[in-house]
Amino acid sequence: MPIASTTGHGSAPGKVILLGEHAVVYGRTAVAVALDRHVRVNIVSAVSCDEAKTAPRRDCGEGSTWESAPFPVTLFAPIESEPSPELQRLRKALACAAGYLRLDPSPLALSVDTDLPMAVGLGSSAALSVALVRALAAVAAFELDDTSVCNAALEVEKLFHGYPSGIDNTVATFGGMLAFKRGQPHRQLNAACALPLVVAVGRLPRQTQAGVLNLRGRWQREPDRYEGWFDEIDWLAGTAEGAIANGHLGKLGGLMNSNHRLLQQLGVSTPELDSMVDLARAHGALGAKLTGGGGGGAVICLCPDSRDELIRAFAAAGWNAFTTDLHPALRGEHAGNLPAPSRDYRDLRA
Ligand code: PMV
């Protein structure tokens, strides 16, 4: 298929899983929300490749992963010298997405930039996959509906995660706050208010692929025990839907705490993540838990009061943290333009 346009742009938001990671791989419900931070992909086709080649180039340094590299990263195709493994992975992602859309990737140059912390369980690879598919579709002047974008991005996600449940690419495509169960259409959730969150990033990257694989081994050895824990997480996620709909933040926080305890039992937390969760609760968070694959990565803390104090406490302990108001109206590509919340979370604590 010939390329119709010289440039294409796509963007997609990161996400947090409020409840249900890992259990979602085993067919249980998880609740996730788009972040107001994005991965943006620009693609330039051969026509203006010469122009692209004169632009300043920044490669991933030795030993870094593309996910932790300083952005923007620019990848040229064809690549003149031997690329790092991480750039090869990015190139494979481009080839995979292009193949899915029946496009020839060889005349394409790609640049990525983001304000989303990478490789910490905030859905960066899914956001990249969705943004890549959207940018390619724009270059080829394809009208892709969101379901097609989501399906194509899942194929790209498999390069990064092996056997993803599909929750990350679904949130990155559709945005908003949603309940996801494997094999069923996702459900958009309505929330009574934006959720006041602090996201704190640990020193180690999350280990999603290894975590999912190791958990599978434990589940195979003791299926009844692990199925019981997955059922408990499923119940927490279902109960959380009601708490979110009614703005019962105290209840939601308690459910998040219970979910973290179960994630510890599943063996996907770490001493560092547990310390971060303890620190958040000691500084007034109503609930705190790891988010995403675990084994490293980030924690989320539901914190209607004293968020600045909590950020300072994280900084004093050596952890970066940021605040975000998870908003039910954050939708896909347009997640940057938010309407004001209809109600304030401060009136809604339970
Ligand atoms: O670490 P992340 O952001 O890719 O989240 C992974 C979520 C899991 O439930 C652990 C895996 C999955 O595919 O659902």
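Counting convention: from 1, in listed order, for ligands and their atoms alike. Residue numbers start at 1 and run along the sequence shown.
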(message) Test your reading of the model: is there a side-chain donor-acceptor pair from Asp325 to the backbone of Ala194, 3.5 Å cut-off?
(response) no
(request) Considering only NZ, NE, NH1 and NH2 on the basic side and carboxylate oxygens on the acidic side, decide whether Asp115 and Arg37 come within less than 4.0 Å. (result) no
Closest protein heavy atom (residue, atom, distance) for [atom]:
atom: atom 1 (O) of ligand 1; answer: Thr208 OG1, 2.6 Å
atom: atom 12 (C) of ligand 1; answer: Ser165 OG, 3.3 Å
atom: atom 9 (O) of ligand 1; answer: His22 N, 3.0 Å
atom: atom 2 (P) of ligand 1; answer: Asp168 OD2, 3.4 Å

(message) Would Tyr163 count as being in polar contact with ligand 1, using the rule that some N or O on each side must be under 3.5 angstrom apart?
(response) no
(request) Say whether Gly293, considering both its backbone and side-chain N or O atoms, lies within less than 3.5 Å of an N or O atom on ligand 1. (result) yes
(message) For the residue pair Ser269 / Asp274, report whether a side-chain donor-acceptor contact shorter than 3.5 Å exists.
(response) yes
(request) Sequence neighbours left out, what pairs pass salt bridge (Lys or Arg N to Asp or Glu O under 4.0 Å) with at least one residue falling in residues 153-168? (result) Lys15-Asp168, Glu155-Lys158
(request) Provide the full list of salt bridge (Lys or Arg N to Asp or Glu O under 4.0 Å) pairs with a residue in residues 282-292, sequence neighbours left out, each pair given once. (result) Glu21-Lys289
(request) Mark the output for Ile17 as yes if a heavy-atom distance to ligand 1 is under 4.0 Å, and as no if none is. (result) yes
Which of the numbered atoms in ligand 1 are below 4.0 angstrom from a heavy atom of [X]?
X: Glu21; result: 9 (O)
X: Pro164; result: 13 (O)
X: Ile167; result: 14 (O)
X: Gly123; result: 3 (O)

